[in-house]
Participant: 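Before I ask anything, here is the structure I am working with.
Side chains are part of it too, since the values below use all heavy atoms of this structure and drop only hydrogens, waters and symmetry mates.
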Amino acid sequence: MSTHEVLVVEVIGVEKHPNADLLEIVRISGYDYSIISKISEFKVGDLAVFVEPDYMVPTDHPNFSFLKSGNRDKHRITVRKLRGVWSEGLLFKAPEGATKGANVMDQFGITRWEPPVSKAFGWGAEGAALKSGLQDPEPVIPGVHTIPKYGLENYKKFSAVLTENDEVFYTTKIHGSSGRYVYWDGKMHCGSRTTWKKNTKGMKYSFTHPETGEIIEKDAPACSWWDLLDTNPWIEDWCKANPGIILYGEIFSSIVQGDLFHYGYKNGELGFRVFDVLKDNAWVSFSELVTNELYKNLKLVPVLYHGLHNKELLETLAEEPETSLPNCGDKHIREGIVIKGSYERWDESVGRVALKYVSRNYLMKS
């Protein structure tokens, strides 16, 4: 499960920018990022606050006011190239009395950025407001205490858990919306990353208008997580043949995250690829997913590489155009790569060894 935090870090390296006399490259403890700063702004041993890419900072705070643009009160931190060198994230001096490792996310009003999902997907704008009444309870499966919500930690934060001796799979990180599917107790269950959804086909829904107080009855909004099953019947077929085994995967289409991330699905169709399976309350290793006959009829996320971990290859593959799914075209952006050991492994620093590497191209253009 991914952890959202903004930490006080120590500056462990400062080097001259090769192409700019007034800039330096700063390295920090605990992260495999490079940050560009003004010359002499930081020195080795300094404490600083590091805001990773894909966090939102409030532009009315003095530390972030220089990022204000127009009427927006928040700014998303991304990456950019400064004179040919990547700067990844935001670094600023730690406040007086700060201690290394402290999480100051709330202190500075920083939040995690979440990519907006098209109103054409899911329940739409109305459905989002009604979602508390459109949820199903979580299916109760013997031996499964809680069906986990899915999340991956960032490779650049936990790169030390992998060495060049680790056998890994690099798979495509698809930019869409997460889905969970399981057949149990005689019925199909369908969920997003955080909630289990009612099947709203043919369903009427009564609700109180938030402004007028009027009781309104109308057709419940469509749910794309359920609609997916109509065009991808293999999901339900497999789940019914294997009750109690939970599929985790990514739903994708131009109606999910827009035309930059269509993956060949441009006319309202929905695609789905499985990225994980939970069986008997344990994650199935990716080696087993690709070799065990039980999983042969699943459409898995594409494998980009299988072999010993290679950081240079990982970084190269992550920045390539997305071509691992049919009909992407040669200009489709790759969101990144998911790195998993060939066999399941636990590390005390990160938990399950399964990490994401987010591409710089995605961070710049999404």
Side-chain angles (χ1 to χ4, degrees), residues 1-2 53-54 113-118 120-122 148-155 168-181 190-194 224-225 227-229 231-232 234-235 238 246-278 283-284 286 289-290 295 297-306 314-340 352 354-366:
M1 189 67 184
S2 58
D54 272 356
W113 178 77
E114 295 294 340
V117 177
S118 166
F121 179 74
K149 299 174 184 176
Y150 202 84
L152 296 173
E153 295 287 6
N154 197 319
Y155 170 82
V168 295
F169 282 90
Y170 298 161
T171 62
T172 301
K173 188 176 190 307
I174 298 173
H175 187 43
S177 190
S178 183
R180 296 178 287 177
Y181 293 91
C190 164
S192 65
R193 191 185 76 85
T194 58
S224 290
W225 284 267
D227 290 345
L228 174 75
L229 298 180
T231 53
N232 292 268
W234 61 270
I235 301 171
W238 192 93
I246 303 140
L247 301 184
Y248 288 74
E250 200 76 5
I251 305 171
F252 52 90
S253 166
S254 62
I255 68 168
V256 183
Q257 297 291 359
D259 288 338
L260 281 178
F261 303 98
H262 57 79
Y263 300 96
Y265 290 71
K266 294 184 178 182
N267 300 310
E269 312 100 320
L270 295 170
F272 185 76
R273 293 292 183 275
V274 174
F275 53 63
D276 243 319
V277 174
L278 192 75
W283 297 111
V284 177
F286 211 84
L289 289 182
V290 299
Y295 308 108
N297 291 325
L298 294 181
K299 295 182 181 181
L300 301 176
V301 288
V303 174
L304 299 173
Y305 169 74
H306 176 214
L314 172 65
E315 293 178 350
T316 298
L317 289 173
E319 305 303 334
E320 291 180 350
E322 187 56 80
T323 58
S324 64
L325 287 163
N327 303 317
C328 283
D330 58 4
K331 295 182 180 179
H332 198 295
I333 298 170
R334 175 166 289 162
E335 185 193 357
I337 289 175
V338 173
I339 310 115
K340 291 179 183 173
R352 183 188 183 207
L355 303 170
K356 61 184 177 184
Y357 184 106
V358 182
S359 81
R360 292 157 172 159
N361 284 325
Y362 165 78
L363 291 170
M364 282 199 306
K365 297 179 182 179
S366 63

Participant: What heavy-atom pair brings K149 and R193 nearest, and what distance separates the two atoms?
Facilitator: CG-O, 3.3 Å
Participant: Checking K340 against D276 for the side-chain contact (heavy atoms from CB on, under 4.5 Å) test, could you report, in this order, the C-alpha distance in whole Å, the side-chain angles of both residues, the deciding distance, and whether it holds?
Facilitator: CA-CA 11 Å; K340 291 179 183 173; D276 243 319; 2.8 Å; yes
Participant: What's the spacing between H262 NE2 and C328 SG if we round to 0.5 Å?
Facilitator: 6.5 Å
Participant: Supply the atom-to-atom distance W238 CH2 to N297 CG, rounded to the nearest 0.5 angstrom.
Facilitator: 9.5 Å
Participant: Who pairs with P148 by side chain to side chain contact (heavy atoms under 4.5 Å, CB included), at least two apart in sequence or on another chain?
Facilitator: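 Side chain to side chain contact (heavy atoms under 4.5 Å, CB included) list for P148, sorted by chain: Y248, L278, W283.
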Participant: With sequence neighbours excluded, what pairs up with Y263 under the ring pair (Phe, Tyr, Trp, His ring centres under 6.0 Å) test?
Facilitator: F252, H332
Participant: Which heavy atom in L363 sits nearest to a heavy atom in P53, and how many Å separate them?
Facilitator: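 Scanning both residues completely, I find the closest heavy atoms to be CD1-CB, 3.8 Å.
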Participant: How far apart are the closest heavy atoms of W225 and C190, and which atoms are they?
Facilitator: CB-SG, 3.3 Å
Participant: Working to the nearest 0.5 Å, report the span between CD1 of I337 and CG of L317.
Facilitator: 4.5 Å
Participant: With N232, which residues qualify under side chain to side chain contact (heavy atoms under 4.5 Å, CB included), at least two apart?
Facilitator: L228, W234, I235
Participant: Just to verify, what does F169 make a ring pair (Phe, Tyr, Trp, His ring centres under 6.0 Å) with, not counting sequence neighbours?
Facilitator: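 Here the qualifying residues are F286, H306.
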Participant: For the rings on Y362 and F261, is their centre-to-centre separation under 6.0 Å?
Facilitator: yes
Participant: Not counting sequence neighbours, which residues clear side-chain hydrogen bond (donor to acceptor under 3.5 Å, both in side chains) with Y155? List them please.
Facilitator: H309
Participant: Within the 4.5 Å heavy-atom criterion, are D259 and S254 side-chain neighbours or not?
Facilitator: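 Yes, side chains in contact.
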Participant: Which residues pass the side chain to side chain contact (heavy atoms under 4.5 Å, CB included) test with S324, not counting sequence neighbours?
Facilitator: T172, P302, L304, E322, R334
Participant: Check whether any side-chain N or O of D54 sits under 3.5 Å from a backbone N or O of W113 as a donor-acceptor pair, and report yes or no.
Facilitator: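 A pair under 3.5 Å: no.
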Participant: Could you tell me which residues satisfy side chain to side chain contact (heavy atoms under 4.5 Å, CB included) with K173, sequence neighbours excluded, listed by chain and number?
Facilitator: E335, V338, K356
Participant: When rounded to the nearest 0.5 angstrom, what distance separates CD1 in I339 from CD in E153?
Facilitator: 12.0 Å
Participant: Could you work out, with side-chain hydrogen bond (donor to acceptor under 3.5 Å, both in side chains) as the rule, every residue matching E320, not counting sequence neighbours?
Facilitator: none
Participant: Any pair with a residue in residues 260-275 that passes salt bridge (Lys or Arg N to Asp or Glu O under 4.0 Å), sequence neighbours left out, goes on the list, sorted by first then second residue, please.
Facilitator: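 Non-adjacent pairs meeting salt bridge (Lys or Arg N to Asp or Glu O under 4.0 Å): zero.
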Participant: Under the side-chain contact (heavy atoms from CB on, under 4.5 Å) rule, what do Y181 and L229 come out as? Steps first, then yes or no, please.
Facilitator: CA-CA 10 Å; Y181 293 91; L229 298 180; 3.7 Å; yes
Participant: Would a 4.5 Å heavy-atom cut-off, applied to side chains only, mark V168 and L314 as touching?
Facilitator: no
Participant: Taking the side chain as everything from C-beta on, heavy atoms only, tell me whether F275 gets closer than 4.5 Å to T171.
Facilitator: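 SC-SC contact between F275 and T171 ruled out.
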Participant: So, do S224 and L270 sit near enough that their side-chain heavy atoms are less than 4.5 Å apart?
Facilitator: yes
Participant: Quick one: pull up CZ in F272 and OG in S253 and give me the separation to the nearest 0.5 Å.
Facilitator: 14.0 Å
